[in-house]
Amino acid sequence: MTLEKWLADLESGHEEALGNRRYLHQHPELSYKEEKTAQYIIEQLTRYGITDIQPNFGNGYGIVAKIKGEHPGLTIALRADFDALAITEETDVPFISENEGVMHACGHDVHTAGLLSVAKVLQNNRSDLHGNVVLIHQNAEEIQPGGAKFMVEAGALEGVDFVFGIHVSSLLPKGMIAYSKPYGSANSDTFKIDIQGKGGHAAHPSETVDSIVIASQIITNLQTLVSRKVDPIEAGVLTFASVKAGGDAYNIIADTAKIVGTVRTLDAKTREVLKNGVVTLPNVIASIQGGTATTFYRDGYPAIQQSEPELKQVVKIVSNLFGEDKVVQIPTGMGGEDFSYYVQEKPGCFFYVGGNNPDIDAVYPHHHPKFKLDESCLLQSGQSFLAIVAHYLTTNDGKSSK
């Protein structure tokens, strides 16, 4: 009966949760600039009666709050991120972003509102808890080095037994739960290649070292790293996201160029193969033309390594709650997620809640200016977290579930 009561409490507070989500959506803030968002989260947690709140946790505006149950038991951590993206919103929702050029285009507003709704229910039902709940409201998931690594280093998981994370998805039908294994996300690295040539008049190319030609050769050659150096059965993505060189003049050969991009992999060997190629080959290619190229490579978020026992248990929990037909395994996507740092430290898992609904045009991918979600995913996220907490922190014949 405990979980049923919690779920009833969650539903009764759904309008408030929607209000939180819409407020956050209207007032997005970029990574490392989420001061007002963090203040809002703290105000809500305080209003719910939670007193153990640690602000400015990690390398920014991260928050760690704790709910102590009235009985001894395990400690479960639940994580939500709250930063937004530098995107101008193009949706038709009545709570459209009021901060021009900034948008919650990845669902972090839903993550935050969902965890706040769970916090209220659990705080009001502490007498049911055989153990404790750590609420991790994380800053700066979108920009490396991210907030998770530093929150872990600062002790966010101290005393925690298991950690769980949810991400809403505009590409997964509403009402569905999805997971992937053995990885929940990909390694996500970034790079910048600075090319130095010799500029000059476009009518006299023989007197120059054309940085644009060098850039094009680097791009063409590095593309073969995936097709010729990576095992065909392993996943690898090498994307050039931007190339900048020269200005608007039609008669000047640019002396410098810059290429930026990302490398996405799953296993460590493939990651090292692509990294080595991106770091070493550009200067070799540039030198053939008489120029130079320097690569700045950043090891980004590692892949989420799912804890198999916890993932298996969570799949069972949400299948019992929503029905087995609502829970599906999907291939691991090549997106990056710094939740990976939490499961490097403690066992846990990461899964997805669907928010796709063509009837309201909620079909656009994450990081798109028209990104939208069916708000039913807010309630389902809260229900999922509560069911997980109920499994681990409520009693069965007088003992905490394990």
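Q39 places none of its side-chain heavy atoms less than 4.5 Å from the side chain of Y61. Side-chain contact between H108 and H167: present, with at least one pair of heavy atoms (C-beta onward) separated by less than 4.5 Å. The closest side-chain heavy-atom distance from I253 to H201 is not below 4.5 Å. Under the 4.5 Å side-chain criterion, counting only non-hydrogen atoms from C-beta, K370 is not in contact with V363. A 4.5 Å side-chain heavy-atom check between W6 and V389 finds at least one atom pair inside the cut-off.
Under the 3.5 Å distance criterion, the side-chain polar atoms of T295 are matched with a main-chain donor or acceptor of V278. Proximity of a side-chain donor or acceptor of N356 to a complementary backbone N or O of S170 within less than 3.5 Å is detected. A donor-acceptor pair is defined here as one N or O able to donate and one able to accept, closer than 3.5 Å; such a pair exists between the side chain of S117 and the backbone of G114. T239 places no side-chain N or O within 3.5 Å of a backbone atom of T262 that could act as its donor or acceptor partner. Under the 3.5 Å distance criterion, the side-chain polar atoms of T208 are matched with a main-chain donor or acceptor of P205. With Y301 contributing its side chain and E141 its backbone, the two residues share a donor-acceptor pair below 3.5 Å. Checking side-chain atoms of S169 against main-chain N and O of L171 turns up a donor-acceptor pair under 3.5 Å. No side-chain donor-acceptor contact under 3.5 Å links K181 to the backbone of L311.
No more than 12 heavy atoms of other residues, nucleotides or ligands lie within 6.0 Å of CD in E100, so this atom counts as exposed by the packing criterion. Residue-environment remark: CD (E35) stays at or below the threshold of 12 foreign heavy atoms within 6.0 Å. Surrounding CD of Q344 are more than 12 heavy atoms belonging to other residues, nucleotides or ligands, all under 6.0 Å away. The neighbour count for E308 CD, taken as heavy atoms of other residues, nucleotides or ligands under 6.0 Å away, is above 12.
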CA sep, side-chain torsions, deciding dist, call: T2, D128, side chain to side chain donor-acceptor pair (under 3.5 Å): CA-CA 7 Å; T2 299; D128 295 332; 4.7 Å; no
Step-by-step side-chain contact (heavy atoms from CB on, under 4.5 Å) determination, L135 to V64: CA-CA 6 Å; L135 310 166; V64 174; over 6 Å; no
Steps toward side chain to side chain donor-acceptor pair (under 3.5 Å) verdict (Q138, D338): CA-CA 10 Å; Q138 183 206 310; D338 69 355; 2.8 Å; yes
Stepwise side chain to side chain donor-acceptor pair (under 3.5 Å) test for E29 and T37: CA-CA 7 Å; E29 294 178 298; T37 302; 2.7 Å; yes
Worked check of salt bridge (charged side-chain N to carboxylate O under 4.0 Å, His left out) between K198 and D210: CA-CA 6 Å; K198 179 184 176 183; D210 194 330; over 6 Å; no
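Residues passing the side-chain contact (heavy atoms from CB on, under 4.5 Å) test with N276 are T280, sequence neighbours excluded. A search for side-chain hydrogen bond (donor to acceptor under 3.5 Å, both in side chains) contacts involving R228 returns nothing, not counting sequence neighbours.
Centroid-to-centroid, the aromatic rings of H366 and H104 stay 6.0 Å apart or farther. Taking the six-membered ring for Trp and the full ring otherwise, Y392 and F162 have centroids separated by under 6.0 Å. Ring centroid separation for the pair F371 and H367 does not come in under the 6.0 Å cut-off. Side-chain rings of F339 and F350 approach one another, their centers coming within less than 6.0 Å.
Residues D359 and K174 are not paired through a salt bridge, judged by the lack of any N-O separation under 4.0 Å between the basic side chain and the carboxylate. Salt bridge D83/K33: absent, no basic N to carboxylate O contact under 4.0 Å. A salt bridge links E337 with R79; the closest basic N to acidic carboxylate O contact falls under 4.0 Å. A salt bridge does not link D231 with K269: none of the charged nitrogens is closer than 4.0 Å to a carboxylate oxygen. Salt bridge absent: R47 and E43 never bring a charged side-chain N and a carboxylate O closer than 4.0 Å. Taking 4.0 Å as the cut-off between side-chain N and carboxylate O, R271 and D189 count as a salt-bridged pair.
Ring-plane geometry between F240 and F191 is classed as perpendicular, the angle between the planes exceeding 60 degrees on a 0 to 90 degree scale with a lower cut at 30.
In terms of heavy-atom proximity, N221 sits nearest to Q217 at ND2-O, 2.7 Å. Scanning all heavy atoms of the two residues, the minimum distance from L274 to G236 falls at CD1-CA, 4.4 Å. Across all non-hydrogen atoms, the minimal contact from I87 to A105 is CD1-CB, 3.9 Å. Across all their heavy atoms, A245 and T256 have their closest contact at CB-O, 3.6 Å.
If you take CD1 on I317 and CG on N320, they are separated by 8.5 Å, rounding to the nearest 0.5 Å.
Between the side chains of E89 and H25, at least one donor N or O sits under 3.5 Å from an acceptor N or O. Using a 3.5 Å distance cut-off with no hydrogens or angles, the side chains of Y40 and N20 do pair a donor with an acceptor. For the residue pair D9 / N125, a side-chain donor-acceptor distance below 3.5 Å is found, with atom types taken as modelled. Defined by atom type and a distance below 3.5 Å, a donor-acceptor pair is missing between the side-chain atoms of Y32 and E142. If you check the side chains of T265 and N187, you find a donor sitting under 3.5 Å from an acceptor. In summary, the side chains of Y183 and D267 do not present any donor paired with an acceptor at a separation below 3.5 Å, with no hydrogens or angles considered. Between the side chains of Q196 and T292, not a single donor N or O lies within less than 3.5 Å of an accepting N or O.
Of the options N59, D81, I63, a side chain to side chain contact (heavy atoms under 4.5 Å, CB included) to N139 is made by N59 and by none of the others.
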Donor-acceptor pairs are to be reported for all side-chain atoms of residues 374-381 against protein atoms at under 3.5 Å, with residues two or more places apart or in another chain.
{"unit_1": "D374", "atom_1": "OD1", "unit_2": "S376", "atom_2": "N", "d": "2.9"}
{"unit_1": "D374", "atom_1": "OD1", "unit_2": "S376", "atom_2": "OG", "d": "2.8"}
{"unit_1": "D374", "atom_1": "OD2", "unit_2": "N357", "atom_2": "ND2", "d": "2.7"}
{"unit_1": "E375", "atom_1": "OE1", "unit_2": "R22", "atom_2": "NE", "d": "3.3"}
{"unit_1": "E375", "atom_1": "OE1", "unit_2": "R22", "atom_2": "NH2", "d": "2.5"}
{"unit_1": "E375", "atom_1": "OE2", "unit_2": "R21", "atom_2": "NH1", "d": "3.0"}
{"unit_1": "E375", "atom_1": "OE2", "unit_2": "R22", "atom_2": "NE", "d": "3.2"}
{"unit_1": "Q380", "atom_1": "NE2", "unit_2": "G175", "atom_2": "O", "d": "3.1"}
{"unit_1": "S381", "atom_1": "OG", "unit_2": "C377", "atom_2": "O", "d": "2.7"}

